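Following: one structure in structure tokens, then a few remarks.
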Amino acid sequence: MVLLVVDATKGMQTQTAECLVIAEMTTRNLIVVLNKIDMFPENEREERVQLAEKKIRMALRGTPKFEDAKMVGISACVGGEKVAAVGDGGGLIGGGTGSVTTTNAHGEVAGTNNIHGLLD
């Protein structure tokens, strides 16, 4: 199992593609984790996350093994690095205040609050 963590604000980068190649060689299971969704303005967040998912989904089309990979949007540190540095960040995983949203290959939303729901 590989959790491919992608910065939702930047999308697929060189190191992301390298990790994807390693995942193709080592596993059959991949979950794409779109991090930093809190950095999108709240009134644009849903649309911007969907756009990020669409771009990642296009990249995954070149990997038949993972073209239907599940995706989850998270904020590991709500508010960014500066908030984390002063200790006020409450990430969504491990007791944060936000929710986790998952989508399938067709962009259909299926909500879950923990990663166990993604493993089914």
Side-chain angles (χ1 to χ4, degrees):
M1 160 82 60
V2 170
L3 296 175
L4 183 66
V5 181
V6 180
D7 183 331
T9 65
K10 295 181 181 178
M12 195 71 116
Q13 305 242 325
T14 302
Q15 66 270 25
T16 312
E18 291 168 350
C19 291
L20 188 56
V21 169
I22 293 169
E24 288 178 315
M25 295 186 296
T26 60
T27 188
R28 293 176 292 153
N29 302 307
L30 176 85
I31 297 174
V32 178
V33 180
L34 293 171
N35 191 24
K36 299 185 182 181
I37 64 169
D38 64 308
M39 302 308 286
F40 296 134
E42 194 168 337
N43 61 335
E44 300 174 11
R45 188 168 297 152
E46 186 174 336
E47 181 181 327
R48 301 269 304 266
V49 168
Q50 287 177 355
L51 180 61
E53 290 175 354
K54 184 178 179 180
K55 289 179 180 180
I56 297 297
R57 190 71 59 202
M58 288 174 27
L60 292 176
R61 285 192 187 136
T63 63
K65 196 176 191 180
F66 300 133
E67 65 185 357
D68 293 327
K70 294 182 182 179
M71 292 192 193
V72 59
I74 68 161
S75 295
C77 180
V78 176
E81 295 173 10
K82 290 181 181 179
V83 173
V86 296
D88 291 338
L92 299 184
I93 292 181
T97 58
S99 62
V100 176
T101 302
T102 61
T103 62
N104 62 19
H106 308 290
E108 299 162 335
V109 175
T112 183
N113 289 323
N114 61 50
I115 199 160
H116 298 291
L118 297 173
L119 302 177
D120 298 333

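Start at 1 with the first residue, then count along the sequence. The structure displayed is predicted, hence computed values, not measured ones.
- The minimum heavy-atom distance linking V6 with G11 is given by the pair CG1-O, 3.5 Å.
- Annotation: side-chain hydrogen bond (donor to acceptor under 3.5 Å, both in side chains) contacts of D7 (sequence neighbours excluded): T9, K36.
- In this structure, the separation between CZ on F40 and CD on E46 is 12.5 Å, given to the nearest 0.5 Å.
- Two residues are said to be in side-chain contact when any heavy atoms from C-beta on lie closer than 4.5 Å; F66 and T27 meet this criterion.
- Pairing each heavy atom of A69 with each of L30, the nearest pair is CB-O, 3.6 Å.
- M58 contributes atom CE, which lies 14.0 Å from atom CD of E53 (distance to the nearest 0.5 angstrom).
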Show me, pair by pair, the donor-acceptor contacts under 3.5 angstrom made by side chains of residues 12-21, not counting sequence neighbours?
unit_1	atom_1	unit_2	atom_2	d
T16	OG1	Q13	N	3.3

Legend entry - Worked verdict on I31 versus M71 for side chain to side chain contact (heavy atoms under 4.5 Å, CB included): CA-CA 6 Å; I31 297 174; M71 292 192 193; over 6 Å; no
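- Here the CD1-CD distance, from I37 to E42, works out to 10.5 Å after rounding to the nearest 0.5 Å.
- Open room surrounds NZ on K10; 12 or fewer heavy atoms of other groups in view lie less than 6.0 Å from it.
- Considering every non-hydrogen atom in both E24 and K65, the closest pair reads O-NZ, 2.5 Å.
- Taking every heavy atom of both residues into account, A8 and A52 meet most closely at O-CB, 3.9 Å.
- Atom CG of D68 and atom OG1 of T63 lie 9.5 Å apart (nearest 0.5 Å).
- The side chain to side chain contact (heavy atoms under 4.5 Å, CB included) test with L3 is passed by exactly one of V32, V33, N29: V33.
- The line from CE of M39 to CZ of R45 is 10.0 Å long, rounded to the nearest 0.5 Å.
- Among residues two or more places apart in sequence or in another chain, the salt bridge (Lys or Arg N to Asp or Glu O under 4.0 Å) test is passed with R48 by E44.
- Taken from CD1 in I56 to CZ in R61, the straight-line distance is 12.5 Å, to the nearest 0.5 Å.
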